Amino acid sequence: MSKRHWLLALVAGLGLVAVQACGETDDSASPPSAGSAGMTPGTGGHSGNSSQAGTGAVVAGAMNENAGQAGEGTGDAGSAGEAGTTSGGHGGTAGTGGTAGTGGTAGTGGKAGAGGTAGLGGSAGTGGKAGAGGTAGTGGTAGVSGTSGVGGTAGVGGTAGVGGTAGVGGTAGAGGASTTFTLKTTTLGQVISTASGFSLYVLKTDTPATSTVPPVTTCITTCLNTWPIYYGNPVSVPVGLLASDFGSYDRGGGVMQSTYKGWPLYTYAPDTAVGNVKGEAVGSKWYTAKVPFTAFTLQTTTLGPVIATVSGFSLYFLKTDTPATSTVAPVSTCTGGCLTAWPIYYGTPVSVPVGLLASDFGSYDRGSGVLQTTYKGWPLYTYAGDSAVGNVNGEGSGSVWYTAKSPFVVP
């Protein structure tokens with residue numbers, strides 16, 4: 001064979017081999033369709049791991065035979081191809097903590113899927129915006145698994161949380177303004193006070209109430225500018241006081257005033273701080289409502305123990321009076337102008353300190369409902385010349401006026 005014919009035969013043989021090689025190829029070598037997400041994504045490709053929606057989430061692709069293959073290499077999205085009828089699949093929820101998962105693009109031209117909502121962890125996650133005790137409390141705005149999450153909008157502790165605006169104990173707190181009367185320690189001892197702690201006073205010239213007759217006050221009009229009335233209602237008292245000792249009455253026109261053991265109660269305008277007792281003995285007739293509060297006291301004087309008023313002022317009897325008997329009322333010889341220097345005394349209900357007997361005291365009507373206390377039948381008076389507790393300036397006056405000593409003797 002000539003050299004020319006040998007070369008032609010070799011070329012023809014190589015062409016036959018090439019034709020056979022082409023005939024044995026399969027469709028996998030054809031250009032892949034783009035696919036929206038390809039086969040279920042995952043390791044090894046199609047859409048690649050990047051299309052997952054976060055740890056544990058539903059993957060971002062869906063099986064779709066029309067979507068085309070994504071190529072042979074890991075994460076190889078291919079080119080061209082059809083997106084398929086289900087596009088990018090569901091996309092799933094976002095997985096733990098993820099906003100929507102990685103998701104990624106599922107392939108050239110494909111859709112990435114829904115991407116999910118928020119799932120566990122939510123917008124705020126456990127703890128919420130404020131956390132325990134805060135504005136929202138544990139669980140916050142979103143919290144675990146839901147719009148409200150654990151604890152809801154307010155969560156544990158409510159709007160204010162523990163100790164917040166209301167908190168434990170409320171607005172007033174433990175022991176707040178819980179009583180309408182209080183008991184304060186002052187330089188004079190225990191004094192009955194207002195709910196705010198200001199000392200309360202009685203007026204010696206007032207007439208205390210009885211079980212059937214209301215009190216009579218001598219502090220009216222301008223007097224009330226300095227000595228404001230006090231009304232505590234409903235009656236609520238601390239340990240050390242009895243609610244039954246308190247009452248109230250209508251001064252007129254619906255103006256109410258509290259009483260203690262029948263005595264109208266007042267405050268004193270110059271008392272500017274809790275515990276002040278600046279009104280004590282003002283005008284020799286204003287006195288704090290002390291505890292113990294008795295209608296009678298026993299004072300130590302230069303004459304020895306002397307029966308005294310609730311405010312501590314010495315009591316006197318008039319030798320020219322006629323004392324009461326078991327059947328006859330006493331007769332007083334102090335009338336008219338005499339009573340200016342020797343005011344009558346009426347202490348009720350009868351309550352006495354140790355050393356005196358309540359049974360030795362009584363009272364009678366001088367006329368027109370004016371009551372006067374008696375001791376062992378003798379009408380009792382105070383003396384206008386006594387200006388301080390313990391004074392006995394009236395002793396022996398006119399050789400007819402004498403203090404009511406204990407033990408009691410008639411000169």
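For clarity, every value in this text was computed on a predicted model and none was experimentally measured. Positions are given from 1 along the sequence.
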Identify, with sequence neighbours excluded, every residue that meets side-chain contact (heavy atoms from CB on, under 4.5 Å) alongside Ser196.
->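 Once residues adjacent in sequence are excluded, the partners of Ser196 under the side-chain contact (heavy atoms from CB on, under 4.5 Å) criterion are Thr194, Phe198.
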For the residue pair Tyr201 and Tyr268, does the interplanar ring angle fall in the parallel (under 30°), tilted (30 to 60°) or perpendicular (over 60°) class?
->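 The rings of Tyr201 and Tyr268 stand perpendicular, inter-plane angle above 60°.
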Side chains of [X] and [Y]: does their closest heavy-atom pair fall under 4.5 Å?
| X | Y | value |
| --- | --- | --- |
| Lys405 | Leu303 | yes |
| Cys219 | Leu224 | yes |
| Tyr375 | Phe317 | no |
| Phe181 | Leu265 | yes |
| Trp286 | Trp227 | yes |
| Tyr346 | Thr207 | yes |
| Leu315 | Tyr345 | yes |
| Leu298 | Ile307 | yes |

For the backbone of [Y] and the side chain of [X], can you confirm whether one donor and one acceptor N or O come within less than 3.5 Å of each other?
| X | Y | result |
| --- | --- | --- |
| Asp250 | Gly252 | yes |
| Ser368 | Val370 | no |
| Ser406 | Ala404 | no |
| Thr186 | Leu188 | yes |
| Gln372 | Ile344 | no |
| Asp386 | Asn393 | yes |
| Asp365 | Gly367 | yes |

For [X] versus [Y], what's the shortest heavy-atom pair and its separation?
| X | Y | result |
| --- | --- | --- |
| Ala324 | Pro330 | CB-CD, 3.4 Å |
| Ser363 | Thr374 | N-OG1, 3.8 Å |
| Ala269 | Pro228 | N-CD, 4.2 Å |
| Asn391 | Tyr316 | O-OH, 4.0 Å |
| Pro343 | Ala384 | CD-N, 4.2 Å |
| Gly347 | Thr373 | N-OG1, 2.9 Å |

Would you sort out whether Thr320 and Thr333 count as a side chain to side chain donor-acceptor pair (under 3.5 Å), showing the intermediate values?
-> CA-CA 7 Å; Thr320 57; Thr333 57; 2.7 Å; yes
Could you measure the distance from the [atom1] atom of [X] to the [atom2] atom of [Y]? Nearest 0.5 Å is fine.
| X | Y | atom1 | atom2 | value |
| --- | --- | --- | --- | --- |
| Leu203 | Cys223 | CG | SG | 6.5 Å |
| Glu395 | Thr301 | CD | OG1 | 8.5 Å |
| Asn225 | Thr222 | CG | OG1 | 6.5 Å |
| Thr218 | Lys285 | OG1 | NZ | 6.5 Å |
| Ser244 | Phe246 | OG | CZ | 9.0 Å |
| Ser332 | Asp321 | OG | CG | 4.5 Å |

Side chains of [X] and [Y]: is there a donor and an acceptor less than 3.5 Å apart?
| X | Y | value |
| --- | --- | --- |
| Thr217 | Tyr266 | yes |
| Asp271 | Ser199 | no |
| Gln299 | Thr297 | yes |
| Ser236 | Thr180 | no |
| Gln257 | Tyr230 | no |

Audit row: Tyr249, Thr259, side-chain contact (heavy atoms from CB on, under 4.5 Å) steps and yes/no | CA-CA 8 Å; Tyr249 78 107; Thr259 61; 3.7 Å; yes
Full working for side-chain contact (heavy atoms from CB on, under 4.5 Å) between Thr288 and Glu280 = CA-CA 6 Å; Thr288 51; Glu280 180 73 7; 2.8 Å; yes
Side chain to side chain contact (heavy atoms under 4.5 Å, CB included) partner of Ile192, chosen from Val237, Leu241, Thr182 =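 Only one of Val237, Leu241, Thr182 forms a side chain to side chain contact (heavy atoms under 4.5 Å, CB included) with Ile192, namely Leu241.
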How about Phe408 and Tyr402: are their ring centroids closer than 6.0 Å?
->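 Between Tyr402 and Phe408, which both carry aromatic rings, the centre distance is not below 6.0 Å.
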Which residues satisfy the ring-ring contact (aromatic ring centres under 6.0 Å, His included) test with Phe313, sequence neighbours excluded?
->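 ring-ring contact (aromatic ring centres under 6.0 Å, His included) check on Phe313 returns Tyr287.
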Hey, mind stepping through Tyr383 and Trp401 against ring pair (Phe, Tyr, Trp, His ring centres under 6.0 Å) and telling me if it holds?
-> CA-CA 10 Å; Tyr383 180 48; Trp401 289 98; 8.1 Å; no
Evaluate side-chain contact (heavy atoms from CB on, under 4.5 Å) for Thr335 paired with Arg366, printing each intermediate quantity in order.
-> CA-CA 10 Å; Thr335 60; Arg366 289 177 58 93; 4.0 Å; yes
